[in-house]
**Q** 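For reference, the structure I am asking about is given below.
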Amino acid sequence: MTTPRLGLSYFGNRYLDHARVDLAAIAATGAEIIDHVMDEADLRWNPDTVADLIAASKEHGLETWLGPWGLGGAFGGEAASYAVMEAPEQCQRDNLGNYLPALCLNQSAYANLMSRWLDAAAAAQVDVVTWDEPHLFLPPPASPDGRWACRCETCQTRFRDAFNRSMPEVWDEDIAAFCQDVVGESLDALIREATARGIDSAVIFAPEDAHGDRGWKEIAAKPGVRYFGISPYWVQAGVPEDAFEPWLRTWCKRVAAVTAGQPAQSLTWIQAFAVPSGREAEIERGMEIMQEEGIDVICAWSYLACEAMSGLTPDNPELVWESVQRGFARIRDARQV
């Protein structure tokens, strides 16, 4: 059975002295990877501070990752975006023409933002950039109103060029293919730009039944992709307690299958935030399932169970963090045998 490497995300603190204490605690759990975040406020005000945090993490022997937290409204994360306010004319539009608070992935404001962010990541000398849950603002229409994005003028033009017809307002298979291509082409460019700067990439998708694993194998095979995986946050996804194990196992199998024989290592995230009382033990069981399915890297979001962020704090953050530590200790101790 695979003995996975372990990682933790770390965010919310920009005081280096405090971070050094936390970094020592993170390394003591057996984690070998730390995933920092750099949002648009950091990009504007704190790039050197982020670089200092990366350097301090390397002092503890941690492989350093950096994610574009909420950047342009196009990645996972709760951070706000300056760019959507500065370039509203380049933001996404839904199929009814309504403005959405996220940059269109087909327009220059998004490309320029990502280029600046990658320059800062390179200056910080990170090992890996994490393209965490790249997405369009609205998912495939599952609600009665059938809303989706993006149908801005640029996307309409590109759709017409690709499909030789006007972009419809009602979702269809051509729209599904177009939206998948938009995200895929954006990822292609980001991975290439990261590689050109000497940085490897980790690509992480949210598990969605509507998309399944379409296109995953091709992405996992791209040069420069060191890790490929998902964030199967079962509580956040509304998976009930009695269905959690088969649901998680199914998605782990998909990740293991698409990375088999690929240079990219398989990666899955453990939900260590917003965990209801009584479900803390699922964290350790989740790690066991991930290991049983051959996942190469298991990471937990986040350090200390996100207790500093009230919107994500579990009912009992202490129990959640203890569960993370026990799960990590089991894997760490098995590695040392």
**Q** Would you indicate whether the side-chain heavy atoms of F163 and P168 approach each other to under 4.5 Å?
**A** no
**Q** Ignoring hydrogens and angles, tell me if any N or O in the side chain of D94 forms a donor-acceptor pair with the backbone of A149 under 3.5 Å.
**A** no
**Q** So does E153 get a backbone contact from the side chain of T157, meaning a donor-acceptor N/O pair under 3.5 Å?
**A** yes
**Q** Which other residues end up in the same hydrophobic cluster as L16, if Ile, Leu, Val, Met, Phe, Trp and Tyr are linked when side-chain heavy atoms come under 4.5 Å apart?
**A** L53
**Q** Between I191 and V203, is there a side-chain heavy-atom distance shorter than 4.5 Å?
**A** yes
**Q** Taking only residues two or more places apart in sequence or in another chain, which ones pass salt bridge (charged side-chain N to carboxylate O under 4.0 Å, His left out) with E282?
**A** R279
**Q** Using 30° and 60° as the class boundaries, would you call the ring planes of Y227 and W65 parallel, tilted or perpendicular?
**A** tilted
**Q** Let me confirm one number: the CD-CG distance from Q90 to L105, rounded to the nearest 0.5 Å.
**A** 12.0 Å
**Q** Measuring from C104:SG to R151:CZ, what's the distance to the nearest 0.5 Å?
**A** 13.0 Å
**Q** Is there a donor-acceptor pair closer than 3.5 Å between any side-chain N or O of E133 and the backbone N or O of A206?
**A** no
**Q** Angle between ring planes, W117 versus W131, binned at 30° and 60°: parallel, tilted or perpendicular?
**A** tilted
**Q** When rounded to the nearest 0.5 angstrom, what is the spacing between CG in L66 and CE in M38?
**A** 4.5 Å
**Q** Side chains of T268 and I298: does their closest heavy-atom pair fall under 4.5 Å?
**A** yes
**Q** Give a yes or no on this: more than 12 heavy atoms of other residues, nucleotides or ligands lie within 6.0 Å of atom CD of E89.
**A** yes
**Q** Supply the atom-to-atom distance R332 CZ to L6 CG, rounded to the nearest 0.5 angstrom.
**A** 9.0 Å
**Q** Looking at N46, T49, D42, which hits side chain to side chain donor-acceptor pair (under 3.5 Å) with R14?
**A** D42
**Q** Does a salt bridge link D181 with R158, judged by any charged N lying under 4.0 Å from a carboxylate O?
**A** no
**Q** Quick one: are L103 and C91 in side-chain contact, heavy atoms under 4.5 Å?
**A** yes
**Q** R330 side chain to R326 main-chain N or O, any donor-acceptor pair under 3.5 Å?
**A** no
**Q** How about Q262 and V225: do any of their side-chain heavy atoms sit closer than 4.5 Å?
**A** no
**Q** For a quick check under 3.5 Å, do Y10 and S57 share a side-chain donor-acceptor pair by atom type?
**A** no
**Q** With ring-ring contact (aromatic ring centres under 6.0 Å, His included) as the test, would you mind laying out the steps for W301 and Y233 before giving the verdict?
**A** CA-CA 9 Å; W301 193 283; Y233 299 145; 7.5 Å; no
**Q** Is it the case that atom OH in Y99 sees more than 12 heavy atoms from other parts of the structure closer than 6.0 Å?
**A** yes
**Q** Using links of under 4.5 Å between side-chain heavy atoms of ILVMFWY residues, direct or through other members, which residues join L138 in one cluster?
**A** L100, F137
**Q** Examine distances only and state if a side-chain atom of T259 and a backbone atom of Q265 form a donor-acceptor pair shorter than 3.5 Å.
**A** no
**Q** Check whether any side-chain heavy atom of S115 lies under 4.5 Å from a side-chain heavy atom of R197, and answer yes or no.
**A** yes
**Q** Indicate the ring-plane relationship of Y303 and W321, choosing parallel, tilted or perpendicular according to the 30° and 60° boundaries.
**A** perpendicular
**Q** Quick one: does R226's side chain have a donor or acceptor within less than 3.5 Å of a partner on G224's backbone?
**A** no
**Q** State whether E292 and R285 are salt-bridged, where the test is any N-O pair (Lys NZ or Arg NE/NH1/NH2 against Asp/Glu carboxylate O) under 4.0 Å.
**A** yes
**Q** Checking the side chain of S266 only, and the main-chain atoms of D296 only, is there a donor and an acceptor separated by less than 3.5 Å?
**A** yes
**Q** Flag yes if I34 and W69 sit in one hydrophobic cluster, no otherwise; membership is Ile, Leu, Val, Met, Phe, Trp, Tyr, and two members link when side-chain heavy atoms are under 4.5 Å apart.
**A** no
**Q** Looking only at heavy atoms, which two atoms of S302 and S9 are closest? And how far apart?
**A** OG-OG, 2.7 Å
**Q** For residues S166 and F159, report the shortest heavy-atom separation together with the two atoms involved.
**A** O-CE2, 3.7 Å
**Q** Return yes if some donor-acceptor pair links the side-chain N/O of S231 with the main-chain N/O of W269 below 3.5 Å, else return no.
**A** no
**Q** Under 4.5 Å between any side-chain heavy atoms of L43 and L113, yes or no?
**A** yes
**Q** Short question: side chain of N95, backbone of E169 - any donor-acceptor pair under 3.5 Å?
**A** yes
**Q** Checking the side chain of S81 only, and the main-chain atoms of A83 only, is there a donor and an acceptor separated by less than 3.5 Å?
**A** yes
**Q** What residue among E318, E284, E280 forms side chain to side chain donor-acceptor pair (under 3.5 Å) with S323?
**A** E284
**Q** Are the charged groups of K222 and E218 less than 4.0 angstrom apart, N to O?
**A** no
**Q** Please test W216 against R254 for side chain to side chain contact (heavy atoms under 4.5 Å, CB included), starting from the C-alpha separation and ending with a verdict.
**A** CA-CA 9 Å; W216 283 12; R254 290 182 175 185; 4.3 Å; yes
